[in-house]
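Chain A is the first sequence line, chain B the second, and so forth, proteins listed ahead of strands; every chain is numbered from 1.
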There are 2 protein chains.
Amino acid sequence: MKLTTKGRYAVTAMLDLAIHYGEGPITLADIAQRQGISLSYLEQLFSRLRKQALVSSVRGPGGGYSLGKEAREIFIGEVIAAVDENMDTTKCHGAHNCQNNERCLTHDLWSDLSDQIYTYLNNISLQDLMDRKAVREVAERQEHGEVDASVLDQVSSPAGV
Amino acid sequence: MKLTTKGRYAVTAMLDLAIHYGEGPITLADIAQRQGISLSYLEQLFSRLRKQALVSSVRGPGGGYSLGKEAREIFIGEVIAAVDENMDTTKCHGAHNCQNNERCLTHDLWSDLSDQIYTYLNNISLQDLMDRKAVREVAERQEHGEVDASVLDQVSSPAGV
DNA sequence: GAAATCTTGACTAATTTAGTTGGGAAAGTA
DNA sequence: TACTTTCCCAACTAAATTAGTCAAGATTTC
């Protein structure tokens, strides 16, 4: 298990898809603009996400990407794992015969720890993330007696938070 | 929050210190040999660990490093944070005024997630890790009709494969 | 058939990780 | 004092990963 900006990009992009669910396929160009990620880099990431069936694609005009499953069925851990590929953190690849037994112990230990984080992340779905943020957005909008959702594109108010 | 092999090296080395606690200062050369990490790289890592007071050092012959606190007071999250330094994953550095609010939302979101993982790791102490492994070791040793605890200190020498 | 969009692969640049080198400085020991 | 062992530190190199670019093609819609 690795946790880097690469995984963050993937999760962010997936969340973008989730937010715009129901609007038909979303183009990578849109996501690139909204999330400030390079289009070509997104292409690489989505190539992997697609192979894991986390997204589905439609070509041609009006095409784009959609979530491969319901937002509540897609978990953060899956998304990160999809773009991270090699997770074998141990040098001995589970052979347990590195230079001495003690060393292997720490290998096992780390992979245990890794698994736990992975399990943890696999209990948070995209829907969970959306719900969490949605609540906060609504709360903030109400507090400021704000208008409709389009305000989101202008405001960045230093209202604390 | 980042989770890479660098952090793993740091945790592994700290665990090595914890295991040999009570034997006086442990030299980096010993750790390097036992854990298969380059000595100079360990020096870099320990420089940071020392600045965070996670370890204390003694120079000269018979010198080396010891844990800066009790094993049960040192948490994995601390160790990883110490060697990882920059954890500001957001491009806007909390300014909340990137290109639009939505983008900042995902930033916040990721940092929330990051915090949760960090919190999680900050609930696991070196002692916890030791206990966990100790249990397994004992179980395995008993199953194989093996010797006593001091075995741990010998196996690190050429005896084992 | 033209435009929009995904799909693929090869390439480059920047950053981070990992390791090296070489020189100290402090402390113990003879 | 001389010598050894160890930490300490800074610059350098090498390898890997991340991030991004470029160019060609495949599908679909219009």
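Residue Lys51(A) contributes atom NZ, which lies 10 Å from atom P of dT7(C) at whole-angstrom precision. Rounded to whole Å, the distance from CG on Leu42(B) to C1' on dC7(D) is 13 Å. For the pair Arg48(B) CZ and dT16(C) C1', the interatomic distance rounds to 11 Å; values are reported in whole Å. Here the P atom of nucleotide dT17(D) and the CG atom of Asp84(A) are 11 Å apart, to the nearest Å. For the pair Leu49(A) CG and dC6(C) P, the interatomic distance rounds to 13 Å; values are reported in whole Å. Rounded to an integer number of Å, the gap from Tyr9(A) OH to dT18(D) C1' is 9 Å. In this structure, NZ of Lys6(A) is placed 15 Å from C1' of dT17(C), rounded to the nearest angstrom. As a whole-Å value, the separation of Arg50(A) CZ from dA26(D) P is 15 Å.
Expressed to the nearest 0.5 Å, how far CG of Leu15(A) lies from CZ of Arg8(A) amounts to 12.5 Å. With rounding to the nearest 0.5 Å, the separation of OH in Tyr9(A) from CD in Gln44(A) is 12.5 Å. Once rounded to the nearest 0.5 Å, the distance linking CD of Gln35(B) with CG of Leu42(B) reads 9.0 Å. Atom CD1 in Ile124(A) sits 6.5 Å away from atom CG in Leu129(A) (nearest 0.5 Å).
Closest to the side chain of Thr4(B), out of dC9(D), dG20(D), dT17(C), is dT17(C). Side-chain proximity of Lys2(B) to dG19(C), dC8(D), dT16(C): nearest is dT16(C).
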Acceptor/donor pairs from residues 63-81 of chain A side chains to any protein atom, 3.5 angstrom cut, sequence neighbours excluded:
residue	atom	partner	partner atom	Å
Lys69(A)	NZ	Glu73(A)	O	3.4
Lys69(A)	NZ	Glu78(A)	OE2	3.1
Glu78(A)	OE1	Phe75(A)	N	2.8

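Backbone-only contact: Tyr65(B) has heavy atoms under 4.0 Å from sugar-phosphate atoms and none from a base.
Mapped onto DNA chain D by nearest heavy atom, Gly60(A) and Pro61(B) fall at different nucleotides, with Pro61(B) at the one closer to the 5' end. The residue among Val58(B) and Val83(B) whose nearest nucleotide of DNA chain C lies closer to the 5′ end is Val83(B).
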So which protein nitrogen or oxygen atoms get under 3.5 Å of nucleotides 20-24 of chain C's nitrogens or oxygens?
residue	atom	partner	partner atom	Å
dT20(C)	O4	Gln44(B)	NE2	3.2

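For Ser125(B), the side-chain hydrogen bond (donor to acceptor under 3.5 Å, both in side chains) partners at least two apart in sequence or on another chain are Asp128(B). Every residue was checked against the salt bridge (Lys or Arg N to Asp or Glu O under 4.0 Å) condition with Arg50(B), not counting sequence neighbours, and none meets it. Qualifying side-chain hydrogen bond (donor to acceptor under 3.5 Å, both in side chains) partners for Tyr120(B), counting only residues two or more places apart in sequence or in other chains: Gln116(A).
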Original post:
Do Leu126(A) and Tyr21(A) pass the side chain to side chain contact (heavy atoms under 4.5 Å, CB included) test, and can you show the C-alpha distance, the side-chain angles, and the key distance before you say yes or no?
Top reply: CA-CA 12 Å; Leu126(A) 287 182; Tyr21(A) 189 71; over 6 Å; no

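For the segment residues 22-30 of chain A, the set of residues with a heavy atom within less than 4.0 Å of an atom of DNA chain C comprises Ile26(A), Thr27(A), Leu28(A), in numerical order.
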